[in-house]
2 protein chains.
Amino acid sequence: MKVTAKGENGVRAMTILALEFRAGPISLREIAAREGLSYQFLEQIFLPLRRAGLITSVRGAKGGYALARPPEEIKVGDVLRVLEGPIAPVECVGEGNGEVCGRIAACLTRGIWERLRDRMSEVLDEITLADVINTPADST
Amino acid sequence: MKVTAKGENGVRAMTILALEFRAGPISLREIAAREGLSYQFLEQIFLPLRRAGLITSVRGAKGGYALARPPEEIKVGDVLRVLEGPIAPVECVGEGNGEVCGRIAACLTRGIWERLRDRMSEVLDEITLADVINTPADST
DNA sequence: CCAAATCCCGATAAAATTACTCGGCTTTTC
DNA sequence: GAAAAGCCGAGTAATTTTATCGGGATTTGG
């Protein structure tokens with residue numbers, strides 16, 4: 001029941017883009033240095049985020065990445081769905097998926113996963129990048 | 001962000017034990033047949049559940065497994081914690097874990113995972129096995 | 001007392017997923 | 001035109017998950 005490193009680091013990287021939203025594009029090299037991640041792993045994260053339209057890129061020297069929209073308009077759920085696929089605790093209850101598997105207790109347990117999925121989506125869609133950068137990091 | 005097959009099938013198997021709670025112990029062979037799972041994989045699921053005290057076993061011919069407590073008193077969260085470890089979307093926010101990692105945006109993103117973890121626990125701890133077997137399987 | 005049913009359990013093999021790297025290309029600035 | 005950056009497919013390494021095996025130990029029923 002874990003988010004992958006890709007998802008976790010993707011959110012982390014997007015947080016940096018949110019912090020620097022007014023400062024123009026930031027290079028992967030800089031983000032990699034700030035977060036202690038490899039340049040190449042970050043590339044793998046940014047590629048799908050750009051294709052999904054969450055970030056924009058500027059090529060060439062002085063280039064880099066920036067959020068495509070202001071931090072208030074990007075939800076954590078958006079980022080995770082791009083990097084990890086639909087939010088769903090089990091395959092058969094993918095968001096907007098009506099399939100049913102053939103096993104006997106299947107329909108009994110299904111409700112659990114649907115409720116869990118809905119609450120997970122709810123939390124992740126109510127937190128924007130703006131919330132993330134504005135929340136004081138109190139709880140040690 | 002998925003539950004493993006072990007967790008999913010564990011909940012499924014516990015549901016069967018809940019359905020047959022009054023009927024005495026059920027053998028793994030029977031559960032395996034009813035759910036289309038391998039006997040040996042189920043063994044791997046039941047061993048930790050028994051060690052955790054969620055089920056009891058009776059050895060020998062006519063033996064099998066039964067819930068240690070009535071279905072009303074066993075939460076889905078209990079089962080998942082045994083089979084998958086603490087409910088936590090990322091390592092560093094394991095239930096009751098105060099650690100902090102050293103990276104820069106760490107404390108900014110941490111709050112996300114804490115909120116997610118809390119809501120996940122909440123859902124899973126408000127559903128008992130009794131709820132699972134009593135909920136009509138309407139939503140096709 | 002024996003045979004069959006059943007749980008007990010460590011070890012390990014197989015498969016799947018995830019994490020990470022490589023190499024080479026294209027675009028832009030200075 | 002050289003350096004700084006992004007673009008991108010392919011491939012390898014590491015980890016986790018799934019599944020199997022083999023042999024014990026315990027109980028029931030004949």
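Numbered from 1 within each chain, the chains take letters A, B, ... in sequence-line order. All of these numbers come straight from a predicted model, not from anything done at the bench.
- Close to D:dA4, at under 4.0 Å from its OP1 or OP2, lies no side-chain N or O of A:Arg59.
- Note: CD (B:Gln40) to P (C:dA13) measures 15 Å, nearest angstrom.
- Proximity of a side-chain donor or acceptor of A:Arg110 to a complementary backbone N or O of A:Cys92 within less than 3.5 Å is detected.
- Taking 3.5 Å as the limit, the base of D:dC8 and the side chain of A:Glu43 contain a donor-acceptor pair of atoms between them.
- No hydrogens or angles were tested; on distance alone, a donor-acceptor pair under 3.5 Å links the side chain of A:Gln44 to the base of C:dT21.
- Of the candidate nucleotides D:dC7, D:dT28, D:dT18, D:dC7 has the atom nearest to the side chain of A:Tyr65.
- No donor-acceptor contact under 3.5 angstrom links the side chains of A:Asp118 and A:Ser121, judged on distance only.
- For the pair B:Asn9 CG and D:dT17 P, the computed distance is 15 Å after rounding to whole Å.
- Between the side chain of A:Arg50 and the backbone N or O of A:Ser57 there is no donor-acceptor pair closer than 3.5 Å.
- Atom NZ of B:Lys62 and atom C1' of C:dA4 are 12 Å apart (whole Å).
- A pairwise comparison of heavy atoms in A:Glu73 and A:Asp78 identifies O-OD2, 4.3 Å as the closest pair.
- When rounded to the nearest whole Å, the span between NZ of A:Lys6 and P of C:dC20 equals 11 Å.
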Audit row: B:Ile112, A:Thr135, side chain to side chain contact (heavy atoms under 4.5 Å, CB included) steps and yes/no = CA-CA 10 Å; B:Ile112 301 168; A:Thr135 303; over 6 Å; no
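- For A:Ile45 and C:dT18, the CD1 to P distance is 14 Å, given to the nearest whole Å.
- If you check D:dA5, C:dT21, D:dC7 against the side chain of A:Ser38, the one that comes closest is C:dT21.
- Distances shorter than 4.0 Å separate none of the side-chain N or O atoms of B:Tyr39 from OP1 or OP2 on C:dA5.
- Applying the 4.0 Å criterion to OP1 and OP2 of D:dC8, one finds that A:Arg51 has a side-chain N or O inside that range.
- Nearest to the side chain of A:Ser27, among D:dG6, C:dT6, D:dT18, sits D:dG6.
- Checking D:dT18, C:dC8, C:dA19 against every side-chain atom of A:Phe41, the shortest atom distance belongs to C:dA19.
- Residue contacts shown for B:Leu42 are absent, as no nucleic acid heavy atom lies under 4.0 Å away.
- At a cut-off of 3.5 Å, with distance as the only test, a side-chain donor of A:Glu84 or A:Thr4 sits close to an acceptor on the other residue.
- The side chain of B:Leu28 lies closest to C:dC7 when the candidates are C:dC9, D:dT28, C:dC7.
- One can place CZ of B:Arg50 at 13 Å from C1' of C:dT6, the figure rounded to the nearest angstrom.
- Within 4.0 Å (heavy atoms only), B:Phe46 reaches no atom of the nucleic acid at all.
- Considering only side-chain N and O atoms, B:Arg29 lies nowhere under 4.0 angstrom from the phosphate OP1 or OP2 of C:dC7.
- Going from atom CG of A:Leu47 over to atom P of C:dT21 covers 17 Å, rounded to whole Å.
- Which of D:dT18, C:dC9, C:dT6 sits closest to the side chain of B:Thr4 comes down to D:dT18.
- Computed from coordinates, the B:Leu49 CG to C:dC7 C1' distance equals 14 Å when rounded to whole Å.
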